[in-house]
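The structure appears right after this line, and notes come after that.
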Amino acid sequence: MLINKMNRVNGEITVPGDKSISHRAVMLGALADGTTRINGFLRGADCLSTIDCFRKMGIKIEESNDTVTVYGKGLHGLSTPSETLYTGNSGTTTRLLCGILAGQPFDTTITGDASICKRPMGRVTKPLELMGADIENEYCPLIIHGKKLHGIEYDMPVASAQVKTAIILAGLYSEGETVINEKEKSRDHTELMLKAMGANIKVDGLTIRVNKTESLKPQNITVPGDISSAAFFMVLGTIMPESKITIKNVGINPTRTGIIDVMREMGANITILNKRTEGGELAADITVETSRLHGTEICGDIIPRLIDELPIIATAAVFADGKTVIRDAQELKVKETNRIRAVVDEFKKAGIDITETDDGMIINGGKPIHGADFVTYGDHRMAMSLAILAQLAEGNSTLDDAKCVDVSYPSFFDDFYGLEK
Ligand code: S3P
């Protein structure tokens with residue numbers, strides 16, 4: 001796909017629903033006693049994989065545009081799937097399902113696409129095994145033999161909401177208390193939604209305590225726009241000349257807003273308006289305007305709060321004066337692709353001064369760049385970041401596979417070009 005260049009961007013945009021919350025709403029809705037209605041559901045490929053897996057376990061789920069209705073059958077209402085559960089490109093579906101399926105009275109097999117089959121699952125299967133789970137393999141396909149589980153105390157070795165959530169979900173089925181200690185706080189959508197549904201869960205700072213739960217109350221869930229999708233327009237509106245973009249109804253859960261902190265620190269003009277809480281999740285409208293950016297250092301406990309935004313933050317750094325250093329981000333290596341390697345290799349094609357490090361990258365920004373034929377590695381966030389990078393490059397750029405944006409943002413290119421003014 002040839003990336004068309006725009007001179008400037010202006011206007012209002014609404015990004016699709018939050019991916020993490022959409023997954024959780026379907027999963028917890030399926031386990032609740034009765035009907036959960038989800039508004040603002042992200043109809044991206046990853047969340048559709050979650051729907052598909054639960055349908056295969058006997059859950060009726062209706063879809064009408066971005067409203068999804070899940071007819072939950074209770075914590076013990078899933079039935080044995082007659083075939084392998086296919087999770088596509090979705091790490092969240094795969095890892096969270098492990099937590100739910102480990103304690104079921106039946107066996108299941110989970111697998112996904114080529115990328116999923118290369119992503120580490122030991123980080124989930126190991127703690128689940130300590131709880132009594134029996135899971136074959138550390139990479140997909142995973143064969144899960146349902147077992148009776150018991151609580152454990154677990155110190156998280158990596159900041160990962162997927163691992164944390166898998167343990168919490170298994171904890172709902174376990175005898176005794178499950179205690180999870182995080183080193184750095186990762187996204188807490190599971191904890192918030194479970195509390196709203198009446199689960200036996202308590203959060204005290206970095207410690208989460210879960211006890212066996214008999215039932216979950218169904219909810220009407222309104223999913224705010226995904227800040228990880230809004231991030232692309234936050235950067236676009238900042239780096240393009242004479243531009244201003246308002247992104248309406250974006251989730252600003254504090255465990256997700258690292259990009260706002262970093263962009264402001266880099267000099268971005270960002271205004272947050274109409275703050276409100278819906279279903280325990282904070283949301284607001286975000287306005288960004290053309291800004292002069294400067295380099296910064298990004299490391300430490302902010303990393304889990306912006307982990308998915310690092311490719312687009314790296315894009316911002318290219319147009320920022322001076323040096324940007326990203327450290328402590330080794331988790332990027334096990335995302336949909338190795339995002340450290342992918343960003344560095346693709347940015348180099350555009351003549352960018354960028355160096356790969358073991359846990360991040362160093363970018364010397366503020367220099368002219370040129371277009372290139374970019375490779376996305378089938379990674380949605382790489383594709384969207386490169387499309388934005390290409391806007392300020394001299395000459396033309398192409399993407400080998402633009403379709404992969406369907407994973408989290410099927411209407412990305414329509415929204416992107418719709419902003420040209
Ligand atoms: C997610 C957690 C993060 C994030 C992913 C979604 C979630 O992954 O990168 O896109 O919904 O829990 P990790 O848990 O591996 O950090």
Side-chain angles (χ1 to χ4, degrees), residues 16-28 41-42 44-47 49-50 87-100 112 115-116 118-128 139-140 154 156-169 180 182-194 208 221 223-224 226-232 251 253 255-259 281 301-313 328-340 342-343 359 379-385 404-405 407-409:
D18 187 276
K19 181 155 80 70
S20 295
I21 299 177
S22 295
H23 281 298
R24 286 156 172 81
V26 170
M27 293 186 181
L28 298 183
F41 181 81
L42 167 61
D46 271 14
C47 300
S49 293
T50 292
T87 60
N89 192 243
S90 177
T92 308
T93 312
T94 310
R95 296 201 176 109
L96 271 53
L97 269 180
C98 289
I100 294 172
S115 154
I116 273 295
K118 281 195 243 149
R119 297 182 68 183
M121 296 298 153
R123 53 177 56 200
V124 178
T125 59
K126 291 266 159 59
L128 292 176
Y139 290 87
C140 282
Y154 192 69
M156 294 277 298
V158 282
S160 164
Q162 293 177 354
V163 175
K164 171 176 69 173
T165 300
I167 303 170
I168 292 175
L169 294 172
I180 304 164
E182 290 191 275
K183 275 202 293 242
E184 292 144 351
K185 199 163 171 74
S186 61
R187 64 192 68 190
D188 64 356
H189 308 297
T190 307
E191 295 90 310
L192 294 176
M193 203 178 284
L194 276 174
I208 302 148
I221 297 171
V223 182
D226 199 328
I227 191 164
S228 298
S229 298
F232 300 104
N253 176 318
T255 61
R256 298 285 298 280
T257 48
I259 176 145
E281 291 282 355
D301 59 9
I302 198 168
I303 295 290
R305 296 178 53 232
L306 47 66
I307 188 74
D308 290 342
E309 289 67 75
L310 283 168
I312 189 63
I313 289 174
D328 303 324
Q330 52 272 50
E331 275 297 296
L332 286 181
K333 293 181 182 170
V334 291
K335 295 296 175 190
E336 283 79 336
T337 188
N338 177 340
R339 286 185 178 155
I340 296 181
V343 166
D359 62 351
D379 181 333
H380 54 132
R381 300 201 199 284
M382 284 301 299
M384 294 184 272
S385 300
C404 61
V405 303
V407 159
S408 65
Y409 199 160

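Numbering of ligands and ligand atoms starts at 1, following listing order. Computed from a predicted model, the values in this text were never measured in an experiment.
Residue Ala161 approaches ligand 1 through these ligand atoms, each under 4.0 Å from one of its heavy atoms: 12 (O), 14 (O). Near Ser20, meaning under 4.0 Å from one of its heavy atoms, ligand 1 places the atoms 1 (C), 6 (C), 7 (C), 11 (O). Close approach of ligand 1 to Thr92 is summarised as follows: ligand atoms under 4.0 Å from at least one heavy atom of the residue are 1 (C), 6 (C), 7 (C), 11 (O).
Under 4.0 Å from ligand 1, the heavy atoms of Lys335 that appear belong solely to its side chain. Contacts with ligand 1 closer than 4.0 Å are made by side-chain heavy atoms of Arg187 only, the backbone lying farther away.
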- Message: Could you walk me through whether Val343 and Ile340 satisfy the side-chain contact (heavy atoms from CB on, under 4.5 Å) test, starting with their C-alpha distance in whole Å, then the side-chain angles of each, then the deciding distance to 0.1 Å, before giving a yes or no?
- Response: CA-CA 5 Å; Val343 166; Ile340 296 181; over 6 Å; no

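For Asp379 and Lys335, the salt-bridge test fails: no basic side-chain N is under 4.0 Å from an acidic carboxylate O. Between Asp308 and Arg187 a salt bridge is recorded (basic side-chain N to carboxylate O distance below 4.0 Å). Under a 4.0 Å N-O distance rule, the pair Arg256/Glu281 does not qualify as a salt bridge.
In the model, Lys164 has a side-chain atom that pairs as donor or acceptor with a side-chain atom of Ser186 under 3.5 Å.
Using a 4.0 angstrom heavy-atom cutoff, Arg24 counts as in contact with ligand 1. Ligand 1 has at least one atom lying under 4.0 Å from a heavy atom of Asp308.
Here the heavy atom of the protein found nearest to atom 14 (O) of ligand 1 is Ser160 OG, 2.6 Å. If you check which protein heavy atom lies closest to atom 1 (C) of ligand 1, you get Gln162 NE2, 3.6 Å.
Among residues two or more places apart in sequence or in another chain, the salt bridge (charged side-chain N to carboxylate O under 4.0 Å, His left out) test is passed with Lys118 by none. With sequence neighbours left out, the side chain to side chain contact (heavy atoms under 4.5 Å, CB included) criterion links Ala166 to Val124.
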